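Notes follow once the structure below has been shown.
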Amino acid sequence: MSDSIFIDELPVVESSEVEKLKEKYPQYDPYFIVCSSLKKYREKFDKLWKNYKPYADTHFKDQIKINFHQRSWEMYVGNILLKDATIISSKDEGPDFIIDESIYIECVAPTKGDSIKSDSVPEMYVAKTPQEIRVMNVPTDQMILRITQAIKSKALDQYEKWKSKSWFNNKMSFIIALNTADLQHVEDSNMPNIIKALFGFQFMSINIKTGETNYTHRNSINKTNNEPVLVDYFTNNEFSFVSGVLFSDNLVSSHPDDIGDDCYFVNNPFADNPINDSFKKHYKRWTATKFEGKLSLKKEF
């Protein structure tokens, strides 16, 4: 395999020339073109690729040209696992990673969805002049719907397929690694959308008398066709086969020098196969616990 994740036909150029390259190579993902043609990004991704290429599946280099956000997130997760001295393996069939023969990890990076459909996430409006500034609602519900769909496709659809395979072991923990950066819009700084999608949180409320803050709760969101979509996966036993979610809302192109420092782990308090502390200790965490029928959630660093 090449020492570069990119292709020779895409040259390194100045930022002013990137748009011309996008027009010239419409068959490639625009994000792939940007990161290939700008030196600072190219070097950053090639460093990740150098570590990851022994673990990449046979389709990786072809697919990253057209699904750069999704596949580069997978490569980033692989680098995080290797940094933490984890023994990992990866195959063409099955989960993206198997860790220490005890954890399955499947990576997913939801997109905004089909712009024609009303439940997709609209493009973020950016004013170029003061005169163009306008008020825009943050499409929180649409973002949460994209997250829940991504989780469902990995948790329900993929996991069900694995059950029939000879290599499958239902005693192993299962983690979904999810990146929401492509959704773009700013999230609630106190409560990430992924937490809202897993535990049903909605709006912050403040008790005027005591000053205490809390969040309203819901079990589902209605799509525009009034079909309810669950947003409480980690509040009951229905998703107990999912052990937790590793997540980030940061583009891989903007990852910190200390890779993984932009990631959080949230556990499923109802998990059949909980994640051990030796894995969780490497990440900032949202820790969920249940006691006497009540759930508590605590943000930890």
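Here the structure is a predicted model, which means the values were calculated and not measured. All values below come from the heavy atoms of this structure, side chains included, with hydrogens, waters and symmetry mates left out.
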**OP:** Given side-chain contact (heavy atoms from CB on, under 4.5 Å), test Leu198 with Trp286 step by step and report yes or no.
**Re:** CA-CA 12 Å; Leu198 293 171; Trp286 285 81; over 6 Å; no
**OP:** Determine, using the 4.5 Å side-chain heavy-atom cutoff (strictly less than), whether Ile80 and Phe279 are members of one ILVMFWY cluster.
**Re:** yes
Subject >> Validation row: Ile105, Leu81 side chains within 4.5 angstrom (heavy atoms) >> reply: yes
Original post:
So, the side chain of Ser173 versus the backbone of Asn273: is there a donor-acceptor pair under 3.5 Å, distance only?
Top reply: yes
Subject >> Partner of Phe174 by ring pair (Phe, Tyr, Trp, His ring centres under 6.0 Å), out of Phe97, Phe239, Tyr159, Tyr104 >> reply: Tyr159
Original post:
Does Thr289 have any side-chain hydrogen bond (donor to acceptor under 3.5 Å, both in side chains) partners at least two apart in sequence or in another chain, and if so, which?
Top reply: Ser296
Original post:
Which residues satisfy the side-chain hydrogen bond (donor to acceptor under 3.5 Å, both in side chains) test with Asn276, sequence neighbours excluded?
Top reply: Ser278
Subject >> Closest approach of Met172 to Glu101 (non-hydrogen atoms, all atoms of both residues) >> reply: CE-C, 3.6 Å
Subject >> Nearest-0.5 Å distance that lies between atom CD1 in Ile151 and atom CG in Leu178 >> reply: 5.5 Å
Original post:
Between Arg71 and Asp57, is there a salt bridge with N-O shorter than 4.0 Å?
Top reply: yes
Subject >> Among Leu246, Ile147, Ile144, side-chain contact (heavy atoms from CB on, under 4.5 Å) partner for Ile194 >> reply: Ile147
Original post:
Lys83 and Asp258: which non-hydrogen atoms are nearest, and at how many Å?
Top reply: NZ-OD1, 3.3 Å
Subject >> ILVMFWY clustering at 4.5 Å (side-chain atoms), partners of Phe291 >> reply: none
Subject >> side-chain hydrogen bond (donor to acceptor under 3.5 Å, both in side chains) partners of residues 226-236, not counting sequence neighbours, each pair once >> reply: none
**OP:** To the nearest 0.5 Å, tell me how far Lys39 NZ sits from Asp46 CG.
**Re:** 12.5 Å
Original post:
Quick check: are there more than 12 heavy atoms from other residues, nucleotides or ligands sitting under 6.0 Å from CG of Asp8?
Top reply: no
**OP:** Please test Met75 against Asn51 for side-chain contact (heavy atoms from CB on, under 4.5 Å), starting from the C-alpha separation and ending with a verdict.
**Re:** CA-CA 9 Å; Met75 179 168 66; Asn51 296 327; over 6 Å; no
Original post:
Does the side chain of Ile175 reach to within under 4.5 Å of the side chain of Ile99, using non-hydrogen atoms?
Top reply: no
Subject >> Donor-acceptor contact present, side-chain Ser37 to main-chain Val13, <3.5 Å >> reply: no
Subject >> Residue of the set Ile33, Ile7, Asp29 for which side-chain contact (heavy atoms from CB on, under 4.5 Å) holds with Lys65 >> reply: Ile7
**OP:** Identify the two heavy atoms, one from Ala56 and one from Trp49, that lie closest to each other, and give their separation to 0.1 Å.
**Re:** CB-CZ3, 3.7 Å
**OP:** Write down the atom of Arg218, the atom of Gln202, and the distance for their closest heavy-atom approach.
**Re:** NH1-NE2, 3.3 Å
**OP:** Give the other cluster members for Ile66, using side-chain heavy-atom distances under 4.5 Å between Ile, Leu, Val, Met, Phe, Trp and Tyr residues; answer none if it is isolated.
**Re:** none
Subject >> Under 3.5 Å: donor-acceptor pair, side chain of Tyr41, backbone of Ser254 >> reply: no
Subject >> Charged N-O contact under 4.0 Å between Lys20 and Glu23 >> reply: no
Original post:
Could you walk me through whether Asp262 and Tyr76 pass the side chain to side chain donor-acceptor pair (under 3.5 Å) check?
Top reply: CA-CA 11 Å; Asp262 53 341; Tyr76 184 58; 2.8 Å; yes
Original post:
For Val242, does its backbone N or O pair with a side-chain atom of Asn268 as donor and acceptor, under 3.5 Å?
Top reply: yes
**OP:** Search all heavy atoms of Leu295 against all heavy atoms of Pro269 and return the closest pair with its distance.
**Re:** CD2-CG, 3.7 Å
**OP:** Please report the C-alpha distance between Ile275 and Phe265 in whole Å, then the side-chain angles of each, then the deciding distance to 0.1 Å, and finally whether the side-chain contact (heavy atoms from CB on, under 4.5 Å) criterion is met.
**Re:** CA-CA 10 Å; Ile275 299 297; Phe265 178 80; 3.6 Å; yes
Original post:
Who are the side chain to side chain contact (heavy atoms under 4.5 Å, CB included) partners of Ser36, not counting sequence neighbours?
Top reply: Phe6, Leu10, Arg42
**OP:** Measure the acute angle between the ring planes of Tyr264 and Phe247, then classify it against the limits of 30° and 60° as parallel, tilted or perpendicular.
**Re:** parallel
**OP:** Determine whether Phe203 and Met143 fall in the same hydrophobic cluster, where Ile, Leu, Val, Met, Phe, Trp and Tyr are linked whenever their side-chain heavy atoms lie under 4.5 Å apart.
**Re:** no
**OP:** State whether the number of non-hydrogen atoms from other residues, nucleotides or ligands found under 6.0 Å of Lys299 atom NZ is greater than 12.
**Re:** yes
Original post:
OG/Ser4 to NZ/Lys50 distance, rounded to the nearest 0.5 angstrom?
Top reply: 13.0 Å
**OP:** Compute the centroid of each ring, for Tyr215 and then for Phe199, and state whether the two points are separated by less than 6.0 Å.
**Re:** no
Original post:
Are Lys44 and His255 close enough that some pair of their side-chain heavy atoms sits under 4.5 Å apart?
Top reply: yes
Original post:
Which value, rounded to the nearest 0.5 Å, describes the distance between Ile5 atom CD1 and Cys35 atom SG?
Top reply: 11.5 Å
Subject >> Other residues, nucleotides, ligands: >12 heavy atoms within 6.0 Å of Lys284 NZ >> reply: yes
**OP:** May I ask you to check whether over 12 heavy atoms, not counting those of Glu238, lie within 6.0 Å of atom CD?
**Re:** no
Original post:
Is Ser102 close to Asn169 at the side-chain level, that is, under 4.5 Å between some pair of heavy atoms?
Top reply: no
**OP:** Count the heavy atoms belonging to other residues, nucleotides or ligands that lie under 6.0 Å from CD of Glu14, then report whether that count exceeds 12.
**Re:** no
**OP:** Report yes if the side chains of Asp249 and Pro192 come closer than 4.5 Å at any heavy-atom pair, otherwise no.
**Re:** no
Original post:
Ala181 and His69: which non-hydrogen atoms are nearest, and at how many Å?
Top reply: CB-CE1, 4.0 Å
